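One structure is given below, encoded as structure tokens.
Throughout, protein chains are lettered first and strands after them, A, B, ... in sequence-line order, and every chain is numbered starting at 1. Since the structure is predicted, the reported quantities are computational estimates derived from the model, not experimental observations.
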Amino acid sequence: MAKQVLVTAALPYANGSIHLGHVLEAVQTDVYTRARKLAGDDCVFIWAADTHGTPIELRARREGITPEALIERAWHEHRRDYGDFDIGFDIFHTTHSDETRRHAEAIFAAMESRGDILSRPVEQLYCPHDQMFLPDRFVKGVCPNPKCKSPDQYGDSCEVCGSTHAPTELGDPHCSICGTAPELRSSTHLFVPLARHEAFLRQWLAPLEQGGHTELQASVRNYVMEWVDGGLRDWDISRDPPYFGFEIPGHPGKFFYVWFDAPVGYIGATEKFCRDRGLDFDAYWRDPERANTELVHVIGKDIVYFHCLFWPAMLHAGGYTTPSRVHVHGWLTVAGEKMSKTRGTFVLARTYLDHLPADYLRYYFASKLGGTQDDLDLNLEDFVSRCNADLVKKTANLASRSCKFITSRLGGTLGALGDETAEIVAAAQRRLEEARVHYLAFESGKALRCAMQIAEDFNLYLTEQAPWKLGPEQAERARQVCSAGVYASQVIAGILAPVLPRWAEKVERMLKLPHRLDFAHAGTPLGAGHVIGEYEILAEPIDPAKVAAIIEASKETTPVTIADTPAYEVEALQPETTIDAFAAIDLRVAKVLACAKVDGADKLLQLTLDVGPLGQRNVFSGIAKSYAPEQLVGKHVVLFANLKARKMRFGLSEGMILASGSTDDAVTVLELDGRSRPGERVS
RNA sequence: GGGCCCAUAGCUCAGUCGGUCAGAGCGGCCGGCUCAUAACCGGCUGGUCCCUGGUUCGAACCCAGGUGGGCCUACCA
């Protein structure tokens, strides 16, 4: 008996909107699931929102709403956006559910009863004002690297010099929420000694050919084995309040770390799904030998660690079904780079949908997805040309020319396929089968190439046979030729179906197919005498202006980073004035040639500035509390150049550089980028 | 600092076991066609297979070292 298949995608975090990177994973999972369904498998796509943890807690606090209200809002938004991308999940549940709580507790209880839970104190920074322990990312301070000393760096690593450190090493640490200096406090935490599961994990991770039971990409297996071979460390699974999550039974005041209960959301969502549909939950998740069930997780490369070590160990300990396959994909880049809000390449799912139909992006992603965890680039020109070439010029047009010829000139009735088509028909059927195999290996790019090859064969056939040149006496021959084009469009739609379900539905409708376009039926020709319906537009060319509009809209919408009400005060605005007042002030680009501390002065830096054709200037600036001298060397700054020179105790200051900041230790110097030229006027 | 992964034509990517492996699609140029959504067909164009060295009769492929990029990590993995 065929196994029932349960597929999941990573659970989107309920703290913010989904972007095209989320869509990439959703599309990959959806295409795989649809392909399996169309291949006749009993397959479900189980999904949920990931709702716990400090970021949710803090965001809710900042917005002045409850975490429950926040995740409720995100749940609706996510379900709608994914739905509009035609993601065919069978359920979209939430980890903040009774089902998930019960299963998380059951796994914890099973681990605890086996002695798999240790407890010991942990020293951590605590904010007395916010009354909470601070995760690394919520502590900011001066980079402890003596060569760097950059201010305002996170507790785990420095974005300026790239070094990493513990939050306790930061100079002048402060809570990133309220600014208070944190103190070191001790708290008891619960740990899972992962090393006790090493034997199981080694077996679980073994390649199929070595008696393993799990399909993993070789690169992923290598990566995970590094951790196993390097010695598995204890995993801290508890957090202190305030923490939005589940309190740990028997450990009052301790909450499950979000990564403990998040994947349990897969189980909780399945239970809800089974109850709603009257299905047997145990058949899915209480099948440790995987006699009935195939469990497939699709994830991004950043969370391999959780899904290939902690998760199988948890499931094993709790007596649940363990994953049959973990498929890992890379990141989405846009225009060759990480998504960037300032470049407008941080595109929200909704922003895309405001301008273009989901199908194009689904096709583009699917056409570039393979079995590797390489990053995938959304190249905007390539996106337009690929969709237009493949979907419109090649494929939709083949259907259009074939169908319209038959409906407009030949009464809509198909003929038998000619003997001379035997070869390309057989090739089409072979490619349909190849595509099915590719889809089931997560190779949708190769699967779609099969469809394009069919289109190429039959477009050529039509051109060679030139039915439009045949006279009325050869109408039956023309009917035969065009029927081949109709047949090709049917098979192609069968291959496209997992990626473009709406396309497949249109073809089913307009060809009046007796069966669904699944892999079993898509290759069967309609017989002579079958009457087809009117052609429906399958795809229209993408207007590149729409793509530009998406980028433009992404530039506009994202900088609206939910403006927090500022907690500081600024000077009142000066009285209104005219441009003339500004013209009197001559601002110039200046490059910092040298910069040094001034002996005998706490606040002063002495800068030597290159003002291009205007020569060099010596300027004293009261920014020493905010800048190390070497931070400024080479930078292009703005110089108030016609300011009367001023004698100071340490020498003559020939101008003033522009900076913001009301206190000496919080000054930001205006910097221009390298395109500016020293000496040029700033206006 | 350590680990895993990636680098092939202007663009996006295939290249299995070392031996027709210098490929496809798109783009560009030239020509043909007109049923079809200015779509379709043919021909041509195009590469230091990231670099250096090694193994081999033979390397895009195996090994070593670089360079550039992605991800993870450095006592809450």
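- In this structure, of B/C35, B/C71, B/G25, it is B/G25 that holds the atom nearest to the side chain of A/Asp390.
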Grab the N/O contacts between the protein and nucleotides 27-33 of chain B below 3.5 Å, and write none if there aren't any.
unit_1: B/G27; atom_1: OP1; unit_2: A/Lys393; atom_2: NZ; d: 3.4

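- Checking A/Arg239 against A/Leu391, the closest nucleotide of RNA chain B that is more toward the 5' end is the one next to A/Leu391.
- Within 4.0 Å of A/Gln373, counting heavy atoms only, lies no atom of the nucleic acid at all.
- A/Glu337 and A/Thr345 share no side-chain donor-acceptor pair at under 3.5 Å.
- Remark: A/Lys394 is in phosphate contact with B/C26, judged by side-chain N or O atoms under 4.0 Å from OP1 or OP2.
- Whole-Å rounding puts the A/Glu456 CD to B/C41 P distance at 7 Å.
- With rounding to whole Å, A/Glu540 atom CD is found 14 Å from B/A36 atom C1'.
- Between A/Arg401 and A/Arg449, the residue anchored nearer the 5' end of RNA chain B, judged by the nucleotide with its closest heavy atom, is A/Arg449.
- Taking atom C1' on both B/A60 and B/U16, the two are 14 Å apart, rounded to the nearest angstrom.
- If you check B/C41, B/A74, B/C76 against the side chain of A/Asp236, the one that comes closest is B/C76.
- We find that A/Asp240 and A/Arg185 are not joined by a salt bridge, their nearest charged nitrogen and carboxylate oxygen being 4.0 Å or further apart.
- Between the CD atom of A/Glu536 and the P atom of B/A36 there is a distance of 19 Å, given to the nearest Å.
- If you measure from atom CZ of A/Arg221 to atom C1' of B/C5, you get 15 Å, rounded to the nearest angstrom.
- Using a 4.0 Å heavy-atom criterion, one finds that A/Phe310 contacts the sugar-phosphate atoms exclusively.
- Here, B/G32 and B/U20 have their P atoms 39 Å apart, quoted to the whole Å.
- Look at A/Lys301 and A/Asp375 and you find a salt bridge, because one of the NZ, NE, NH1 or NH2 atoms lies within 4.0 Å of a carboxylate O, short of that distance.
- Scanning both residues, A/Asp116 and A/Arg196, for their nearest heavy atoms gives OD1-CD, 3.5 Å.
- Rounded to whole Å, the separation between the P atoms of B/C44 and B/A7 comes to 29 Å.
- The local environment of CD in A/Glu423 is sparse, with at most 12 non-hydrogen atoms from other residues, nucleotides or ligands closer than 6.0 Å.
- Base pairing of B/C61 is not made with any nucleotide, judged by Watson-Crick or G-U wobble geometry with both donor-acceptor distances under 3.5 Å.
- When the nucleotides B/A74, B/A36, B/C72 are ranked by their closest atom to the side chain of A/Trp227, B/C72 comes out on top.
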Scan nucleotides 11-14 of chain B against the protein and return all N/O pairs shorter than 3.5 Å with their distances rounded to 0.1 Å.
unit_1: B/U12; atom_1: O4'; unit_2: A/Asp382; atom_2: OD2; d: 3.4
unit_1: B/U12; atom_1: O3'; unit_2: A/Lys368; atom_2: NZ; d: 2.7
unit_1: B/U12; atom_1: O2'; unit_2: A/Arg386; atom_2: NH2; d: 2.6
unit_1: B/C13; atom_1: OP1; unit_2: A/Lys368; atom_2: NZ; d: 3.4

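- Looking at A/Arg409, its side chain has no donor and acceptor atom pair within 3.5 Å of the base of B/C35.
- Within the cation-pi definition used here (under 6.0 Å to the ring centroid, within 45° of the axis), A/Arg436 does not qualify as a partner of A/Tyr439.
- Pair assignment for B/A22: none, as no Watson-Crick or G-U wobble contacts are both less than 3.5 Å.
- Taking atom OH on A/Tyr223 and atom C1' on B/C4, their separation rounds to 7 Å, with Å as the unit.
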Fill in: Steps toward side-chain hydrogen bond (donor to acceptor under 3.5 Å, both in side chains) verdict (A/Arg401, A/Asn459)
CA-CA 9 Å; A/Arg401 64 197 300 209; A/Asn459 267 324; 2.9 Å; yes
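- Base engagement by A/Ala539 is indicated by at least one non-hydrogen atom pair under 4.0 Å involving a base atom.
- Annotation: B/U34 and B/C29 have their P atoms spaced 23 Å apart (nearest Å).
- Only the P atoms considered, B/C50 is 14 Å distant from B/A14, to the nearest whole Å.
- Checking B/C4 for Watson-Crick or G-U wobble geometry (two distances, each under 3.5 Å) identifies B/G70 as its partner.
- Within the nucleic acid shown, A/Phe405 comes within 4.0 Å of sugar-phosphate atoms alone, with no base atom in reach, counting heavy atoms only.
- Between A/Arg430 and A/Glu433 there is no salt bridge, since none of the side-chain N atoms of the basic residue sits less than 4.0 Å from a carboxylate O of the acidic one.
- Remark: A/Asn222 is not in phosphate contact with B/G3, judged by side-chain N or O atoms under 4.0 Å from OP1 or OP2.
- With A/Ser367 as the fixed residue, the side-chain contact (heavy atoms from CB on, under 4.5 Å) test singles out one of A/Arg449, A/Arg362, A/Arg386: A/Arg386.
- Taking atom P on both B/A74 and B/U8, the two are 32 Å apart, rounded to the nearest angstrom.
- Nucleic acid contact for A/Val122: none, since no nucleic acid atom lies under 4.0 Å from a heavy atom of the residue.
- The interatomic distance linking A/Arg479 (CZ) with B/C35 (P) rounds to 18 Å, in whole Å.
- Across the protein-nucleic acid pair, A/Tyr305 atom OH and B/A74 atom P stand 9 Å apart, rounded to whole Å.
- Comparing B/C11 with B/G65, their C1' atoms are spaced 32 Å from each other, to the whole Å.
- Remark: of the listed residues A/Tyr13, A/Phe256, A/Phe244, A/Phe244 is the sole one forming a ring-ring contact (aromatic ring centres under 6.0 Å, His included) with A/His52.
- The side chain of A/Glu226 lies closest to B/G3, out of B/C5, B/G3, B/C72.
- Using a 4.0 Å heavy-atom distance criterion, A/Leu462 is classed as making no nucleic acid contact.
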Worksheet entry | Candidate pair A/Ser187 and A/Lys254, rule side-chain hydrogen bond (donor to acceptor under 3.5 Å, both in side chains), full reasoning | CA-CA 10 Å; A/Ser187 173; A/Lys254 298 292 167 187; 2.9 Å; yes
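- With hydrogens and angles left out, the side-chain atoms of A/His316 and A/Gln203 include no donor and acceptor closer than 3.5 Å.
- Remark: P of B/C71 and CD of A/Glu337 are 12 Å apart, rounded to the nearest angstrom.
- Base pairing annotation: B/G42 forms a Watson-Crick or G-U wobble pair with B/C30, both donor-acceptor distances under 3.5 Å.
- Note on A/Arg502 versus A/Glu505: no salt bridge recorded, every NZ/NE/NH1/NH2 to OD/OE distance being 4.0 Å or above.
- The separation of B/A64 from B/U56, taken at their C1' atoms, amounts to 16 Å, rounded to a whole angstrom.
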